[in-house]
> 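Pasting a structure here, questions to come.
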Amino acid sequence: MSEQGDQREARLAKLKAMQQEGRDPFAETKYERTHLAAELQEHFQELEGNNITVAGRLMAIRQHGKSAFADLADGSGQVQLFARLNELGEEVFARFLDLDLGDIVGARGNLMKTRSGEVSLLLEDFTLLAKSLRPLPEKFHGLKDVETRYRQRYLDLIVNEEVREVFKKRARMITRLRRSLEERGFVEFSTPILQPIYGGANARPFTTHHNALDMRLYMRIAPELYLKRLLVGGFEKVYEIGPMFRNEGVDARHNPEFTMLEAYQAYADLEDMMDLFEGLVVELAEEVCEGTTFTYRGNEIDVAPPWRRLPLLAAVEEATGVDFRELSGDEEARAACAELDLGHTDADNWGALLDKAFDRYVQPELIQPTFVVDYPVAISPLAKRKPEELDTTFRFEPFIGGEELGNAFAELNDPLDQRRRFEQQAAAREAGDEEAHPLDEDFVTALEYGMPPAGGMGLGVDRLAMLLLDAPNLREVIAFPLLRTREAE
RNA sequence: GGGCCGGUAGCUUAGCUGGCAGAGCAGGGGACUCUUAAUCCCAAGGUCGGAGGUUCGAAUCCUCCCCGGCCCA
């Protein structure tokens, strides 16, 4: 029998014995707490001597013969329990010593400080509220194995305080994001996650099936086309924060499901979207970094506006020597890029090669906040053309710390042009581009009714959390990242 | 998909040029009424990710597979 088996057997035996004596911890339904652990620490002077109840998980026990100390952790922090034989009596003291690390316990006692100054409850009584049947990871080194940390995030959260902090901050970011948008007059929507036609981004979708309607559905890769329908309907500032699904690989910067914000504003242009993007990032940085400066991977970053602007094609030319403006087709682009270490394939078209050249040679250098601007229309099927430069669009992608954080444009509202763009996407699809947009006929119809000129932006929430919290990868800011399933033990 | 790295007790890990798998914490027994990584004594705990192979002998070398990480695609 394995050691864990032994420990589990021992704890099961204790549980059974308690249940036979009529003390079933799993029968408990409520425990009235007077205080949280952190309150006892912060307001000790006012609370000293008071009779207090707390509840939480037993994280450490230090026995001393006829006395014992224990650390009790609740959602706010920890407080020490001080158990003494002559306060509790033989029976209760013995029951206390019978507790195991990890047990969920409610405790009552008088608040005091030990000689060494530790805020403690001098225990008068306690109730076992849930028996922990499995041993916790080690108290000092915590849980380090990343696979176990992700597969059993609850263990990670129990023993690694800094992980709890990351998720508290992530939650504050999302709360603050909503507040910032509401303050600006944006209205929140929940648009379909299950979509008959996907769109709004270049990505492959997850496919599913609705049984009753016998209908193929896609998990959304973006909410864009629905939010713009709301602009057609007369809403002028709309946003959505929620999960998106892209059927792609998993790595340090990608999880197949991730959280994204998209916001659309009627009668606003790309400049307004830059102001909005800068404003939101500044407010989130102030929320969790206490200012506009923070460190990411050793780089000091300051998100105070205005952010630098960098034209895409000029930046690529400067970094690679290849001027994509002078390359008229896919063939020429492939030839021009042959010398670059892009690992491209024969199926890569002009736009794909431009993306790869940018990703490899420009993006890693964009440490301080930068709006990359002037994206070609060929890789921007939903963005409005610049009147003075028809093959270029009003579009930017923001980069910080070498990470892509989003995407924004002046939204294309010309239904005839939109239809042509969709047709070009269909052609690219025919040529093997699996990430090209499918034609959304109803979206074009909506545009034909008239959509006001509008700016729109998307912000990758997990990416921004990774950045502001200086997390080494995206999984550290996603509570339950996708992992390959393993046989249950 | 490719390259590199890793998987040893519940947890953190040593052992890796082949020769009885070791420690700390947790768990068990004992001592201890102010400890906080408590301390002290005792005993126990292992399918070395899995399957093959080489060898007198494999955690260690070889092959394949599984899972994870990093980088590239």
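Throughout, a chain's letter reflects where its sequence line sits, starting with A, and its residues are numbered from 1.
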> Mind checking who B:rU63 pairs with, Watson-Crick or G-U wobble, both distances under 3.5 Å?
B:rA51
> Please measure how far the P atom in B:rC61 lies from the corresponding atom in B:rC48, and state the result in whole Å.
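Between the two P atoms, the distance is 16 Å.
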> Where the side chain of A:P135 is defined as all heavy atoms beyond and including C-beta, which of B:rG69, B:rG10, B:rC67 is the nearest nucleotide?
B:rG10
> Does OP1 or OP2 of B:rG68 have a side-chain N or O of A:R484 closer than 4.0 Å?
yes
> Are A:Y375 and A:F409 close enough that some pair of their side-chain heavy atoms sits under 4.5 Å apart?
no
> Using a 4.0 Å cut-off on heavy atoms, which residues in residues 462-480 of chain A reach RNA chain B? List them by number, or say none.
A:N473, A:R475
> Measure CG/A:L136 against P/B:rA37 and give the value in whole Å, please.
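Rounded to whole Å, this separation is 18 Å.
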> Rounding to a whole Å, what distance do you find between A:R360:CZ and B:rC72:C1'?
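Taking atom C1' of B:rC72 as the reference, CZ of A:R360 is at 8 Å.
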> Would a 4.5 Å heavy-atom cut-off, applied to side chains only, mark A:P376 and A:L354 as touching?
yes
> Consider the side chain of A:E138, meaning its heavy atoms from C-beta on, and name the nucleotide among B:rC34, B:rC25, B:rU35 that approaches it most closely.
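Side chain of A:E138 sits closest to B:rC25.
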> What residues, two or more places apart in sequence or in another chain, satisfy side-chain hydrogen bond (donor to acceptor under 3.5 Å, both in side chains) together with A:E365?
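Residues passing side-chain hydrogen bond (donor to acceptor under 3.5 Å, both in side chains) with A:E365: none at all.
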> With a 4.5 Å limit on heavy-atom distance, are the side chains of A:L261 and A:M457 in contact?
yes
> In the strands shown, is B:rA58 matched to any nucleotide by a Watson-Crick or G-U wobble pair with both distances under 3.5 Å, and which?
none
> Starting from the 5' end of RNA chain B, give me the residue, A:H141 or A:D71, whose nearest nucleotide shows up first.
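Comparing both residues, the 5'-ward one is A:H141.
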> Say we look at B:rU17 and B:rU60: how far apart would their C1' atoms be, to the nearest angstrom?
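Roughly 10 Å separates the two C1' atoms.
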> Give me each pair satisfying side-chain hydrogen bond (donor to acceptor under 3.5 Å, both in side chains) with a member in residues 311-329 of chain A, each pair once, sequence neighbours excluded.
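Pairs touching residues 311-329 of chain A that pass the test: A:E317-A:R325, A:D323-A:R325, A:S328-A:E332.
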> B:rG27, OP1 or OP2 - any side-chain N/O from A:R134 closer than 4.0 Å?
no
> Using the P atom as the reference point in each nucleotide, state the distance between B:rU35 and B:rG30 in Å, no decimals.
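Pairwise P distance, B:rU35 against B:rG30, rounds to 23 Å.
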> Please report the distance, rounded to the nearest Å, between NZ in A:K144 and P in B:rG6.
17 Å
> Rounding to the closest angstrom, what is the interatomic distance between B:rA43 and B:rC4 at atom P?
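Result for the P pair: 47 Å, nearest Å.
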> Give every residue pair that meets the ring-ring contact (aromatic ring centres under 6.0 Å, His included) criterion with at least one member in residues 9-62 of chain A, sequence neighbours excluded.
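Applying ring-ring contact (aromatic ring centres under 6.0 Å, His included) to every pair that reaches into residues 9-62 of chain A, excluding sequence neighbours, yields nothing.
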> Taking salt bridge (Lys or Arg N to Asp or Glu O under 4.0 Å) as the cut-off, I'd like each qualifying pair that reaches into residues 16-26 of chain A, sequence neighbours left out, listed once.
A:E21-A:R23
> Quick one: side-chain contact (heavy atoms from CB on, under 4.5 Å) partners of A:D98, sequence neighbours excluded?
A:K14
> Mind jotting down which residue pairs meet the ring-ring contact (aromatic ring centres under 6.0 Å, His included) criterion with at least one end in residues 70-98 of chain A? Sequence neighbours excluded, please.
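Residue pairs passing ring-ring contact (aromatic ring centres under 6.0 Å, His included), neighbours aside: A:F69-A:F82, A:F96-A:F126.
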> Look at A:E165 together with A:K169 and state whether they make a salt bridge at an N to O cut-off of under 4.0 Å.
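Result for this pair is no, no salt bridge flagged.
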> Are any of the side-chain heavy atoms of A:R8 and A:L12 separated by less than 4.5 Å?
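Yes, close enough: below the 4.5 Å cut-off.
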> Distance between the P atoms of B:rA9 and B:rG24, in whole angstroms?
16 Å
> If you pin A:L482 and A:A252 to their nearest nucleotides in RNA chain B, which one's is more 5'?
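It is A:L482, whose closest nucleotide lies nearer the 5' terminus.
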> For A:T53, enumerate each residue passing the side-chain hydrogen bond (donor to acceptor under 3.5 Å, both in side chains) test, keeping only those at least two apart in sequence or located in another chain.
none
> Tell me which nucleotide, if any, is Watson-Crick or G-U wobble paired with B:rG1 when both distances must be under 3.5 Å.
B:rC72
> Is there a side-chain contact between A:R11 and the phosphate of B:rG27, meaning an N or O under 4.0 Å from OP1 or OP2?
no
> Whole-Å distance between B:rG10 P and A:I158 CD1?
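Atom-to-atom, A:I158 to B:rG10, this comes out as 18 Å.
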> Nearest-Å distance, CG (A:L58) to P (B:rG27)?
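Distance, rounded to whole Å: 10 Å.
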> What is the base-pairing partner of B:rA23, counting Watson-Crick and G-U wobble geometry with both distances under 3.5 Å?
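With both distances under 3.5 Å, B:rA23 matches B:rU12.
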> So if I take residues 114-129 of chain A and measure heavy-atom distances to RNA chain B, which residues fall below 4.0 Å?
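Here the set is A:T114, A:R115, A:S116, A:E118.
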> How would you list, by chain and number, every residue that makes a side-chain hydrogen bond (donor to acceptor under 3.5 Å, both in side chains) with A:Q425, sequence neighbours excluded?
A:H437
> Given atom CG of A:L143 and atom C1' of B:rU13, what is their separation to the nearest angstrom?
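Going from A:L143 (CG) to B:rU13 (C1'), I get 14 Å.
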> Between B:rA59 and B:rG6, how far apart are the C1' atoms? Round to whole Å, please.
14 Å
> B:rG10 C1' sits how many Å from A:R8 CZ, rounded?
12 Å
> Could you measure between the two P atoms, the one in B:rC34 and the one in B:rG7, and give it in whole Å?
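Result for the P pair: 44 Å, nearest Å.
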> In whole Å, measure the gap between the P atoms of B:rU8 and B:rU47 for me.
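Taking atom P in both B:rU8 and B:rU47, they lie 12 Å apart.
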> Once you apply the 3.5 Å cut-off to both distances, tell me the Watson-Crick or G-U wobble partner of B:rG46, or none.
none
> For residues 459-483 of chain A, pull every pair meeting salt bridge (Lys or Arg N to Asp or Glu O under 4.0 Å), keeping only residues two or more places apart or in separate chains.
A:R149-A:E476, A:R170-A:D462
> For nucleotides 28-33 of chain B, which of its nitrogen or oxygen atoms have a protein nitrogen or oxygen under 3.5 Å away, and what is each distance?
unit_1: B:rC32; atom_1: N3; unit_2: A:G65; atom_2: N; d: 3.1
unit_1: B:rC32; atom_1: N4; unit_2: A:G65; atom_2: N; d: 3.2
unit_1: B:rU33; atom_1: OP2; unit_2: A:K66; atom_2: N; d: 3.4
unit_1: B:rU33; atom_1: O4'; unit_2: A:S67; atom_2: OG; d: 3.2
unit_1: B:rU33; atom_1: O2; unit_2: A:R84; atom_2: NE; d: 2.8
unit_1: B:rU33; atom_1: O2; unit_2: A:R84; atom_2: NH2; d: 3.3

> Taking only the side-chain heavy atoms of A:Q80 (C-beta and beyond), determine which of B:rG69, B:rA73, B:rU36 contains the nearest atom.
B:rU36
> With the side chain of A:Q7 defined as its heavy atoms from C-beta on, choose the nearest nucleotide among B:rC67, B:rA73, B:rA26.
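That would be B:rA26.
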> Both distances under 3.5 Å, Watson-Crick or G-U wobble: report the partner of B:rU39, or none.
B:rA31
